[in-house]
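Here's the structure, in structure tokens; my notes come after.
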Amino acid sequence: MGPRPATAPAGAATGLAHHYLDEDQPLRDARVRGVDFGCEPIEPTDGATLRFLATTLRARTVVEIGTGSGVSGLWLLRGMAPDGVLTSIDLESEYQRAARACFRAAGYPSSRFRLINGHALDVLPRLADGGYDLVFVDAVPMEYPRYLEAAIRLLRPGGVVALCGVLGDEELESYGNNRDARALLQVSRTCREDERLVPLPGLDSVLLVAAKAL
């Protein structure tokens, strides 16, 4: 291995990230709409993670639980195969209208995405077992344990589920009996203990879990 500097110049990491994470107009517009809706769009770093995952997996079939204003969906589409289809589920029809506008503004035809209006726990059982490369969850924390179980069923061997907002166990335990925190803690422990899964620790706000081929 060649020589490397002991420390990076001040601001170097921030500058490097800026080149990769600078969002274009469709993403910026979708982010503004998301803030207006109060649905907290994912950060650009998380979006870049989703794009990277979709690219690495050569994803053709992706499920998104929680459409929001389209920010995460657009990051996913930009990493997916050219003929890939994003299936995105949300209970709020207004969010999905905004997401549709976002995707179309970014140049994606309606054949590249399927927006399903409804409660995810009612919709997911209708999707094909083992038919998806990637599942992204950014929705009601209390329902994450059931979303995870559904994702395991939906994923092909080697597929990945990305769970947004799952913090470290110590931080989650600090919330005491908060119901959302307890649900996320349950998901974190399941990801470590379930023999069907391989978790990737270390990311700040997204827990990545791969499905084993059993």
Salt bridge (charged side-chain N to carboxylate O under 4.0 Å, His left out) contacts in which one or both residues fall within residues 72-89, not counting sequence neighbours: Asp24-Arg78, Arg60-Asp83
Inter- and intrachain pairs under salt bridge (charged side-chain N to carboxylate O under 4.0 Å, His left out), touching residues 35-50, at least two apart: none
Counterpart residues, ring-ring contact (aromatic ring centres under 6.0 Å, His included), relative to Phe103 (two or more places apart): Phe113
Fellow cluster residues of Phe37, listed by chain then number, with links counted only when side-chain atoms sit under 4.5 Å apart: Tyr95
With Arg31 via salt bridge (Lys or Arg N to Asp or Glu O under 4.0 Å) - residues at least two apart: Glu23
Kindly list each side-chain donor-acceptor pair under 3.5 angstrom involving residues 157-165, sequence neighbours excluded, with atom names and distances?
none

Set of side-chain contact (heavy atoms from CB on, under 4.5 Å) partners for Thr55, sequence neighbours left out: Arg51
Non-neighbouring partners of Arg146 that pass salt bridge (Lys or Arg N to Asp or Glu O under 4.0 Å), sequence neighbours left out: none
For Tyr108, all residues meeting ring-ring contact (aromatic ring centres under 6.0 Å, His included), sequence neighbours excluded: none
Single-linkage hydrophobic cluster Leu91~Leu121, side-chain heavy atoms < 4.5 angstrom: no
Within residues 148-160 or reaching into it, pairs that qualify as salt bridge (charged side-chain N to carboxylate O under 4.0 Å, His left out) - sequence neighbours excluded: Asp129-Arg153, Asp133-Arg156, Glu149-Arg196
Listed partners of Phe52 passing ring-ring contact (aromatic ring centres under 6.0 Å, His included), at least two apart: none
Partner set under side-chain hydrogen bond (donor to acceptor under 3.5 Å, both in side chains) for Glu94, not counting sequence neighbours: none
Any Leu57 side-chain heavy atom under 4.5 Å of Val62 side chain: no
